Amino acid sequence: MVDAALDIEAIRKQFPILHQEVNGKPLVYFDNAATSQKPQSVIDALTHYYNTDNSNIHRGIHTLAERATSAFEDTRKTVAKFLNANEVEEVIFTKGTTEGINLVAATFGRKFINTGDEIIVSALEHHSNIVPWQILCEEKGATLKVIPINDKGELIFGEYVKLLSDKTKLVSVNYISNALGTINPVKEIIDEAHKVGAKVLIDAAQAAPHVKLDVKALDCDFLAFSAHKVYGPTGVGALYGKRDLLEAMPPYQGGGEMIKDVSFSGTTFNDIPYKFEAGTPNIGEVIAFKTAIDFVEELGQENIASYEDELMTYANDLLKDVDGFTPVGTADKKASVISFLIDGVHPFDLGQLLDAKGIAVRTGHHCAQPLMEFFNIEGTVRASFSVYNTKEEIKYFVDSLKAVIKMFK
């Protein structure tokens, strides 16, 4: 059961965007897998930086620069603790999960992937965890292999083990599928990869709001996630990497902050993590990122996950009675994502008609076209829940869905 201290109405009051009408109806926001909403504390942290501390970081000795630098690096410490990293230097700030994956592809890949090597991804991946590896394989003459899935949207673990060999240099998989909500057995995936000497990157974009991330317990080599999925600002994320790997990898981009000394005869690079942080970052957004993690820690991830599971169970029970309802992705272990179709109704039409009732859901292929091809569909309707959603909203959503379906009968 949910911790009694988790007061949902009090939590909802912290999110100003929820208290509005859309198309004349109270907003019901079920698009949390795309991005979560932001509590007032995160918004305040962002505006506080621009109102009082706006300055570039690391290169100034005046008071504003020192305050901004201190707050920026406090976020790095908070992220390291959030991930249970060994050292704060193992946390690199990025624009988000996509840039984190591309950073590894461009640096680890540049140095350690060669002709004839193999990289493994899964059939559940977001495009951002497919395309960078395709580009790298084409450039290097390497081969991309894909872990197959079953009809429930679960990885076929035995087939994954068969794909592994001494040619495997990297395995890159998501912790939780953005399109289906499937929770993957990442610890077991990592352990098997390490047996053949391969490194593992975990795409934790969807996992960060729902699962306690512990990079030491997982023993992953890299892990990437985005602030905006976990109640923080857009345009910011973090990449974790083991120190020995980060130190061995070449820089990602050239410019300020990533250098020690520059001359026309040659350049020496900065220590990690700054070696990978060229240019002026999203300073205010990184500072507000800390406040978002503080919000999650205050509520407790176990409490959040338990409540979201309760919402998903309630929604699934109600949706069973919806005419023509077909779930897509019925894994035994799932996060709070329900992807579905309604017989005879296009997902785009459903999305538009639900929007007219103030309900925000996502429709389409969810940047997972190969996954949609596996199910032989163009896309789905996806409803995804967060800690600020309620059973009353779910009841209204299901009732609205039934009303919309009647329009097509």
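What you see is a predicted model; the values in this text were computed from it and never measured.
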Ignoring hydrogens and angles, state whether a donor on the side chain of Asn184 or Tyr175 is under 3.5 Å from an acceptor on the partner side chain. no
Here the pair of heavy atoms bringing Ser384 nearest to Ala33 is OG-N, 2.8 Å
Any chance the side chains of Thr380 and His366 put a donor and an acceptor closer than 3.5 Å? yes
Taking only Lys NZ, Arg NE, NH1 and NH2, and the carboxylate oxygens of Asp or Glu, determine whether Lys391 and Glu310 approach each other closer than 4.0 Å. yes
Does the ring center of His127 lie less than 6.0 Å from the ring center of His365? yes
Taking salt bridge (charged side-chain N to carboxylate O under 4.0 Å, His left out) as the test, write out the residues that go with Glu73, two or more places apart. Arg76
For residues Asp343 and Phe325, determine if any side-chain heavy atom of one lies less than 4.5 Å from a side-chain heavy atom of the other. no
Applying salt bridge (charged side-chain N to carboxylate O under 4.0 Å, His left out) to Asp191 and not counting sequence neighbours gives Lys187
Check the pair Leu213, Asn84 against side-chain contact (heavy atoms from CB on, under 4.5 Å), reporting the backbone distance first and the verdict last. CA-CA 7 Å; Leu213 299 175; Asn84 196 27; over 6 Å; no
Any residue meeting salt bridge (charged side-chain N to carboxylate O under 4.0 Å, His left out) with Glu378, in chain and number order, not counting sequence neighbours: none
If we ignore hydrogens and angles and just use 3.5 Å, is the side chain of Arg110 paired with the main-chain N or O of Ala106 as donor and acceptor? yes
Short question: side chain of Lys275, backbone of Met249 - any donor-acceptor pair under 3.5 Å? yes
Rounded distance (nearest 0.5 Å) linking atom CG of Asp7 with atom CZ of Arg12: 12.0 Å
Does a sphere of radius 6.0 Å around CD in Glu297 hold more than 12 heavy atoms from other residues, nucleotides or ligands, not counting ones at 6.0 Å or beyond? yes
Does Tyr50 have more than 12 heavy atoms from other residues, nucleotides or ligands lying within 6.0 Å of its OH? yes
Indicate the ring-plane relationship of Phe93 and Phe72, choosing parallel, tilted or perpendicular according to the 30° and 60° boundaries. perpendicular
Looking at Asp151, I'd like to know if its CG atom is crowded, meaning that more than 12 non-hydrogen atoms belonging to other residues, nucleotides or ligands lie closer than 6.0 Å. no
Are Asp323 and Lys402 within salt-bridge range, i.e. N to O under 4.0 Å? no
Looking only at heavy atoms, which two atoms of Ile287 and Ala68 are closest? And how far apart? CD1-O, 4.1 Å
Is any side-chain heavy atom of Leu223 closer than 4.5 Å to one of Leu201? no
Is there a side-chain contact between Asn178 and Arg382 in this structure, where contact means two heavy atoms from C-beta onward sitting under 4.5 Å apart? yes
Tell me if a side-chain donor or acceptor on Tyr29 pairs with a main-chain N or O of Asp31 at a distance below 3.5 Å. yes
Under the 3.5 angstrom rule, does the side chain of Thr107 hit a backbone N or O of Leu103 as a donor-acceptor pair? yes
Output yes when a side-chain donor or acceptor of Thr47 lies under 3.5 Å from a complementary backbone atom of Ile43, and no otherwise. yes
Side-chain ion pair, Glu87 and Arg243, N-O less than 4.0 Å: yes
Looking only at non-hydrogen atoms, find the nearest pair between Leu144 and Ile130 and report the distance. CD2-O, 4.5 Å
d(Lys167 NZ, Asn114 CG) to nearest 0.5 Å is 13.5 Å
Would Asp117 and Lys169 pass as an ion pair if we require N to O under 4.0 Å? yes
Any side-chain donor paired with an acceptor under 3.5 Å for Asn389 and Tyr307? no
Note, Glu192 side chain near Phe157 side chain (heavy atom, < 4.5 Å): yes
How about CD on Glu298, more than 12 heavy atoms from neighbouring residues, nucleotides or ligands closer than 6.0 Å, or not? no
Per the side-chain hydrogen bond (donor to acceptor under 3.5 Å, both in side chains) rule, what does the pair list look like for residues 88-104, sequence neighbours excluded? Thr97-Ser226
Verify the neighbour count for atom NZ of Lys216: are there more than 12 heavy atoms of other residues, nucleotides or ligands below 6.0 Å? yes
Under a 3.5 Å threshold, yes or no: a donor from one side chain and an acceptor from the other, between His58 and Thr69? no
With rounding to the nearest 0.5 angstrom, report the CD to CD1 distance, Gln134 to Ile119. 10.5 Å
Would you say the side-chain atoms of Glu154 pair up with the backbone N or O of Ile149, donor to acceptor, closer than 3.5 Å? no
Answer yes or no: is there a side-chain heavy-atom contact under 4.5 Å between Val186 and Leu218? yes
Quick one: which residue pairs count as a side-chain hydrogen bond (donor to acceptor under 3.5 Å, both in side chains) with a foot in residues 348-360, not counting sequence neighbours? Asn23-Asp355
Verify, without hydrogens or angle tests, whether Asp214 (side chain) and Ala217 (backbone) share a donor-acceptor contact under 3.5 angstrom. yes
So, the side chain of Asp53 versus the backbone of Leu64: is there a donor-acceptor pair under 3.5 Å, distance only? no
Taking the side chain as every heavy atom from C-beta outward, state whether Asp221 and His194 have any atom pair closer than 4.5 Å. yes
Asp219 and Lys242 ion-paired at < 4.0 Å: yes
Under the side-chain contact (heavy atoms from CB on, under 4.5 Å) criterion, do Val196 and Asp166 qualify, and how do the steps go? CA-CA 6 Å; Val196 299; Asp166 57 2; 5.8 Å; no
Between Ser177 and Thr182: side-chain donor-acceptor atoms closer than 3.5 Å: no
Under 6.0 Å between the ring centres of Phe222 and Tyr240? no
Parallel, tilted or perpendicular: which one describes the rings of Phe108 and Phe112, with boundaries at 30° and 60°? tilted
If we only count heavy atoms from C-beta on, is the Val322 to Ile405 side-chain gap below 4.5 Å? yes
Can you tell me if NZ on Lys212 sees more than 12 non-hydrogen neighbours from other groups inside 6.0 Å? yes
Checking the side chain of Asn129 only, and the main-chain atoms of Glu125 only, is there a donor and an acceptor separated by less than 3.5 Å? no
Student check: side-chain heavy atoms of Leu319 and Ile338 closer than 4.5 Å: yes
Below 6.0 angstrom between ring centroids: does that apply to Phe295 and Phe15? yes
Heavy-atom nearest pair, Glu118 first then Ser165, reads OE1-OG, 3.8 Å
Report, as yes or no, whether the 6.0 Å neighbourhood of atom CD on Glu138 holds more than 12 heavy atoms from other residues, nucleotides or ligands. no
Single hit among Phe82, Tyr231, Phe225 for ring-ring contact (aromatic ring centres under 6.0 Å, His included) with Phe289: Phe225
Would you say the side-chain atoms of Tyr49 pair up with the backbone N or O of Ser55, donor to acceptor, closer than 3.5 Å? yes
Checking Glu308 against His210: is there a side-chain donor and acceptor pair closer than 3.5 Å? yes
SB check Asp294 Lys290 (cutoff 4.0 Å): yes
Non-neighbouring partners of Lys77 that pass salt bridge (charged side-chain N to carboxylate O under 4.0 Å, His left out), sequence neighbours left out: Asp74
Give a yes or no on whether a salt bridge exists between Lys395 and Glu392, defined as a side-chain N under 4.0 angstrom from a carboxylate O. no
